[in-house]
Amino acid sequence: MTDTMRLYAFNTGWFQCRPGYFIEGEEGDYLRGPVPSYLIDHPKGRALFDTGMGIRYRRTLADALPPNKFGLQWFEGQEIAARLRSIDVDPASIDWVINSHLHIDHCGGNASLPNATVIVQSRELAAAQATEEAGLYEAVDYATGQPIRAIDGELDLFGDGSVRIVPTYGHTPGHQSAIVTLPDGREVLLAADCCYTERNLDLMVLQRAVVDREAGMRTMEFLHRRRQAGAHILFGHDGRQWQGVEEGKPIG
Ligand SMILES: [Zn+2]
C-alpha cells in the first residue's frame, strides 16, 4: 500500500498491423504497437487497467511473428504478472481489474490475478458471452472465475474522484476508459481501444475496428474535449506515442 496514488504503465506485448488498420487508406510498412496495461496503486487498493494477452500468444525469438504479418505476440517477461513482480508488486495483491473491453489482448492476464474483482460494463460482458466465433472474445481469457462487477456507465472507483471509469462505446458495445487524476491534479486518460492512436484523434478519423460508428464518433468527440481541457491521453496501440512512455516508473 501507498500513501499517495501512483500510476504505472507497462507494455505486455505487441500488436502488428498495416497503417490502414488504424486509418483507412493509409499505406506503408507494418507497424508495431504496444499492448498496454496500467497499475493504479491507490491508498485504498490496487487496480490494473487491462491485463494483456493469454499464454497462447507467447513466442520466443526463434518463432517470433515475421515483421510483415498481422497479429499479436509477447515474449517471456512481458506478461503482466512478471511486470508487476519487477516493481515488487505481488499479482495476488491486485484488488481490481478494470477491463476496457474483453477482447483477447486486454483481459488475457486476468487469470494471473487471483484475488481481483473484475470491473466491466455489463453490455460488454453480454457481447462477449453472445459471441461464439473465436478470435476476438475467448472465454478462456474473460471467464477465469474471479468475481465480476458488471457496471452500467460511470464509476468513481475509490469514491474520491481519482479514478473515474467512463463509458467509451464504439470499438465494442461496452468499451470503457479510465480517467486518472494524479496527485498534482493532472488528468491522464487511459483510452485503450476506443482510439488506437493519437493520429486517429488528431484527424478525427475512426479506426477500422469499430462496431458502432455513431457511438465511436461520440467517443472521439469526448476524447477531443478532454484533451482540449488538458487531459493527457494514452492511446490503445500507439507505437509512436509509446516511445515516450517510461515503463515501470510512476507517471507524473
Ligand atoms: Zn479491441
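If you read the sequence from its start, that first residue is 1, and numbering goes on from there. Each ligand, and each atom within it, is numbered from 1 in the order the structure gives.
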Report the name of the N/O/S atom of [X] located nearest to the Zn ion (ligand 1).
X      : answer
His171 : NE2
Asp193 : OD2
His103 : ND1

message: Consider side-chain contact (heavy atoms from CB on, under 4.5 Å). Of Ile179, Leu157, Leu155, which one does Val163 pass it with?
response: Leu157

Exercise: do Asp50 and His106 side chains pair donor with acceptor under 3.5 Å: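 A donor-acceptor contact under 3.5 Å links the two side chains.
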
- prompt: Are side-chain N/O atoms of Arg46 and Ser93 paired as donor and acceptor at under 3.5 Å?
  reply: yes

query: Given His103, which of His171, His175, Glu138, Glu124 fulfils the side chain to side chain donor-acceptor pair (under 3.5 Å) condition?
result: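 Looking at His171, His175, Glu138, Glu124, the match for His103 under the side chain to side chain donor-acceptor pair (under 3.5 Å) is His171.
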
task: Using a cut-off of strictly less than 2.8 Å, determine whether His175 has an N/O/S atom near the Zn ion (ligand 1).
output: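 It does not; every qualifying atom lies at 2.8 Å or beyond.
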
